[in-house]
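All values derive from a computational prediction rather than experimental measurement. Order of the sequence lines fixes the chain letters, A, B, ..., with proteins taken first and strands second; residue numbering starts at 1 for each chain.
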Amino acid sequence: MRWSQSYIFTAREAPKDAEVVSHRLMVRAGLIRKLAAGIYSYLPLGWRSMEKMMAIVRREMNAAGAAELVMPAIQPAELWRESGRWQAYGVELLRMHDRHKRDFCFGPTHEEVITDIVRRDVKSYRQLPFNLYQIQVKFRDEMRPRFGLMRGREFLMKDAYSFDIDDAGLDVAYEAMRTTYCKIFEACGLDYSMVEADTGTIGGSASHEFMVVADTGESAVVRCPDCGYAANVEKAEIGDLETPAPAAAEELRRADTPGQTTVDEVAGFLEVEPSRVVKTLLYQTDKGPVAALIRGDRELNEVKLGNVVGATELRLAREDEVEELSGAPVGFAGPVGLSGDVRLIADQTVRPLTNFVCGANAADAHHTGVNWDRDLPDLAEWEDLLLAGRGDPCPRCDGTLELYRGIEVGHIFRLGTKYSEAMSCTYTDEAGELKPMVMGCYGLGIGRTVAAAIEQNHDDDGIIWPLPLAPHEVALLSLDPSDPAVAQVADGLYDRLREKGVDLIYDDRDERPGVKFKDADLIGFPVRVVVGKRSLAEDRVEISTRRQREKMMVPTASAVATTLELLLD
RNA sequence: CGGGGCGUAGCUCAGCCUGGUAGAGCGCACGGUUCGGGACCGUGAGGCCGGAGGUUCAAAUCCUCUCGCCCCGACCA
């Protein structure tokens with residue numbers, strides 16, 4: 001490809017809304033252009049990288065025995081009503097209607113459609129299992145799109161769906177996708193990790209996320225360096241925490257705590273450890289009000305609480321709601337004497353506490369000397385509600401958890417029969433019995449992975465593409481295109497490299513050398529070949545790599561061979 | 001959805017408080033000098049100051065409404 005014939009517009013400055021490095025560089029390098037909030041055009045260079053990503057995905061998916069198809073982006077509401085998600089999905093689902101006022105949505109995911117396809121065709125266990133995938137444009141009406149392709153509203157995603165006769169079959173399909181995903185991210189040259197994850201609204205029994213490690217990632221992940229346990233903090237379990245030694249029950253007392261509303265204030269005021277204060281967090285859910293009881297020195301994991309409650313909606317109660325539920329201003333709620341309308345759920349780590357402190361459901365007052373068996377004998381729900389963090393004990397070994405951030409680029413779910421049951425996607429087994437198919441679903445963000453690759457591979461001058469994702473592997477710069485000798489050598493190299501199948505861009509523009517160098521660095525082509533008057537006088541060209549930046553002067557005659565060698569490394 | 005901010009040239013932004021001929025840098029065009037790390041000088045094109053209404057002799061500037069965008073939070077994955 002000749003630069004002068006392509007469509008490449010780089011910019012010295014990034015738009016002010018670009019906060020993260022990948023977004024800034026993708027815009028500056030002319031890879032993407034924003035059309036509306038969270039909606040981007042892929043410009044020629046950006047699309048080339050996307051295509052390379054998709055080629056890797058297709059290669060590995062096909063190798064795993066999955067078959068590609070493409071489903072409609074626009075989907076009828078009936079299917080979503082059948083699965084129950086027309087109600088459940090909420091405002092992220094972009095809904096629309098046609099001229100006949102029939103409801104449709106722009107698909108944020110395709111479980112309904114694939115299930116509908118399969119249930120029409122597949123009737124027998126003899127026709128199972130299989131795995132179908134597509135690469136499709138999705139739309140999720142994120143309330144806060146940001147970070148360019150990392151959190152867009154319209155985005156390209158590879159989604160795959162496996163269908164099996166039973167859980168054992170799903171295990172095999174799931175395992176195959178797990179290894180396939182590892183191969184894909186390895187092929188992209190990314191530093192990633194696989195972590196246990198919450199299943200979210202897609203549902204199902206188990207899931208893993210693939211995280212590209214990056215400080216700007218939106219997901220927090222814990223990992224045990226000893227045994228390798230890794231999980232999204234939303235899901236992460238925690239090993240046994242140290243608990244204060246039990247003591248003989250003291251009297252239940254009411255203490256005046258004027259203006260002491262936070263755990264630290266109360267603990268300091270009453271001179272007790274924050275871990276001996278039980279904080280009561282009031283939530284409103286679609287299943288009614290809930291009070292979560294957790295240790296004062298810990299944070300609540302809202303995802304865990306939501307799962308325990310079985311809620312699809314869950315939010316911290318507003319001030320006025322807290323007053324209504326507890327009869328006290330925010331900061332003084334407690335389990336003792338709380339309205340029976342509120343469902344009490346306690347974190348399991350508060351169970352060993354004796355003589356602890358909690359709010360008294362009255363302004364400026366707390367209880368001290370509280371003991372579960374005596375003061376709250378009816379409390380029955382003990383669950384894991386803690387948010388894991390740095391320094392927590394590993395749930396699987398004696399290690400200590402580390403905390404880091406990652407970009408979620410892939411997510412695989414064991415769906416089970418959630419959709420096949422809701423939508424009657426059944427088969428007849430050997431015994432002639434009708435059974436729901438057992439499904440898995442496997443998502444992978446194409447644009448997000450490309451963005452994550454940049455997030456992980458850049459410097460002050462621009463992108464440092466991993467070779468497999470670079471829009472072009474080699475940039476051939478002609479510094480003096482109007483000089484006949486330079487033009488002849490550069491044209492010759494261009495032809496010979498193309499004959500060798502090298503994916504290269506030939507900067508034949510009538511621009512100053514500095515401009516070409518800056519552009520090549522910004523876009524980040526892995527290998528650069530420079531032909532200029534100066535070096536050509538010694539019959540040499542300069543070849544360098546973007547990452548190492550080591551320049552070597554090689555005889556013109558061996559330039560092609562040297563370039564090919566660099567591409568092999 | 002709540003709080004805050006911003007919409008002025010293709011891009012980044014000044015001007016607005018205190019109303020009176022619309023600005024800079026980058027980019028673009030032309031001429032010249034340059035030519036291995038985003039050159040320099042000169043000339044020039046380019047804006048219904050997001051949109052609608054209002055106040056005023058006069059509105060980019062003040063007021064109201066509206067649309068779009070951004071940030072923080074809530075929330076969602």
Side-chain angles (χ1 to χ4, degrees), chain A residues 9-20 23-24 27-30 33-39 85 88-93 108-109 138 140-148 150-153 155 157 197-203 207 209 211 217-220 232-235 283-286 302-303 306 311-319 321 406-411 413 443 445 448 460-462 477-483 486 507 509-523 528-538 540-542 544 549 551 553:
Chain A
F9 291 90
T10 60
R12 205 183 293 242
E13 289 173 285
K16 61 178 171 182
D17 61 319
E19 293 179 275
V20 298
H23 185 194
R24 268 201 304 273
V27 173
R28 282 192 57 209
R33 169 90 24 92
K34 183 167 82 173
L35 182 63
I39 301 178
R85 290 207 293 185
Y89 214 92
V91 293
E92 269 192 24
L93 186 63
T109 176
K138 314 270 190 191
R140 292 182 191 170
D141 198 356
E142 296 277 350
M143 59 190 76
R144 257 190 80 191
R146 54 186 150 174
F147 304 156
M150 271 173 58
R151 197 174 188 74
R153 292 197 293 174
F155 55 99
M157 178 172 166
D198 185 66
T199 51
T201 52
I202 299 205
S207 90
E209 286 171 336
M211 296 283 186
E218 293 187 277
S219 306
N232 190 312
V233 289
E234 292 178 344
K235 162 83 178 176
Y283 278 83
Q284 288 290 0
T285 79
D286 56 322
E302 289 188 356
V303 172
T312 52
E313 282 170 48
L314 177 135
R315 64 171 172 81
L316 210 50
R318 292 190 309 265
E319 268 181 52
E321 292 169 331
I407 300 164
E408 179 191 337
V409 289
H411 199 160
F413 299 82
R448 193 182 268 191
D460 289 346
D461 290 317
L477 313 195
S478 171
L479 297 188
D480 306 278
S482 56
D483 180 295
V486 171
D507 192 347
R509 292 176 299 169
D510 180 22
E511 282 288 354
R512 300 169 56 80
V515 173
K516 299 192 177 194
F517 288 135
K518 288 290 183 189
D519 276 344
D521 285 350
L522 175 60
I523 299 167
R528 193 182 75 187
V529 179
V530 179
V531 184
K533 222 178 341 191
R534 212 172 70 186
S535 58
L536 211 55
E538 299 162 29
R540 280 166 195 275
V541 299
E542 179 203 283
S544 59
R549 290 260 161 118
K551 301 176 185 173
M553 303 301 294

In Watson-Crick or G-U wobble terms, both distances under 3.5 Å, what is the partner of B:C62? B:G54
Whom does B:G44 pair with, Watson-Crick or G-U wobble, provided both distances fall under 3.5 Å? B:C28
My understanding is that a pair needs two contacts under 3.5 Å, Watson-Crick or G-U wobble. By that rule, which nucleotide pairs with B:A39? B:U33
Would you please test A:R528 and A:E542 for side-chain contact (heavy atoms from CB on, under 4.5 Å) and show each step? CA-CA 8 Å; A:R528 193 182 75 187; A:E542 179 203 283; 2.9 Å; yes
Ignoring hydrogens and geometry beyond distance, is the side chain of A:E92 in donor-acceptor contact with the base of B:A77 at under 3.5 Å? no
Using a cut-off of 4.0 Å on non-hydrogen atoms, how would the nucleic acid contact of A:R33 be classed: base, sugar-phosphate, or nothing? nothing
Counting side-chain heavy atoms from C-beta on, which of B:G38, B:U34, B:C69 comes nearest to A:D519? B:G38
Just checking A:K34: base, sugar-phosphate only, or nothing, at a heavy-atom cut-off of under 4.0 Å? sugar-phosphate
Expressed in whole Å, how much space separates the P atoms belonging to B:G3 and B:A77? 25 Å
Drop me the distance from A:K516's NZ to A:L477's CG, to the nearest 0.5 angstrom. 7.0 Å
Closest of B:A77, B:C69, B:C75 to the A:L316 side chain is B:C75
Say you pick atom P in B:A59 and the same atom in B:A22; how far apart are they, in whole Å? 12 Å
Roughly how many Å apart are B:C49 and B:G10, using the P atom of each and rounding to a whole number? 12 Å
Name the nucleic acid region contacted by A:R448, choosing base, sugar-phosphate or nothing; use a 4.0 angstrom heavy-atom cut-off, strictly under. nothing
Between B:G2 and B:U8, how many Å separate the two P atoms, rounded to a whole number? 25 Å
Same-atom distance (P) from B:G73 to B:C57, integer angstrom: 48 Å
Rounded distance in Å between the P positions of B:A39 and B:G27: 8 Å
Taking the P atom of each, how far is B:G50 from B:C6, in whole Å? 13 Å
In terms of the nearest nucleotide of RNA chain B, which residue is placed more toward the 5' end: A:L479 or A:G38? A:L479
B:C69 pairs with which nucleotide, Watson-Crick or G-U wobble, both distances below 3.5 Å? B:G5
Any chance you could measure A:L93, atom CG, to A:R140, atom CZ, to the nearest 0.5 Å? 10.5 Å
Where do N or O atoms of nucleotides 27-33 of chain B meet protein N or O atoms at under 3.5 Å, pair by pair?
unit_1: B:G27; atom_1: OP1; unit_2: A:R12; atom_2: NH2; d: 3.3

A:R146 side chain near A:H23 side chain, heavy-atom distance below 4.5 Å: no
If we ignore angles and hydrogens, is there a donor and acceptor under 3.5 Å between the side chains of A:S219 and A:N232? no
Side-chain-base donor-acceptor pair under 3.5 Å for A:D480 and B:G36: no
Side-chain heavy atoms of A:H411 within contact of A:S207, under 4.5 Å: yes
Rounded to whole Å, NZ of A:K516 lies from C1' of B:C35 at a distance of 11 Å
So A:R33 and A:V27, do their side chains get closer than 4.5 Å, heavy atoms only? no
Contact nearer the 5' end of RNA chain B, comparing A:T10 with A:E302: A:T10
Expressed in whole Å, how much space separates the P atoms belonging to B:A9 and B:G32? 32 Å
Ignoring backbone atoms, test whether A:K518 places a side-chain nitrogen or oxygen under 4.0 Å from the OP1 or OP2 oxygen of B:A39. no
Look up atom CD1 in A:I39 and atom NZ in A:K34, then write down how far apart they are to the nearest 0.5 Å. 10.5 Å
To the nearest Å, how far apart are A:E209 CD and B:C76 C1'? 14 Å
Can you tell me the Watson-Crick or wobble partner of B:G19, both distances under 3.5 angstrom? none
Rounded to the nearest 0.5 Å, what separation is found between the OG1 atom of A:T109 and the OH atom of A:Y89? 6.0 Å
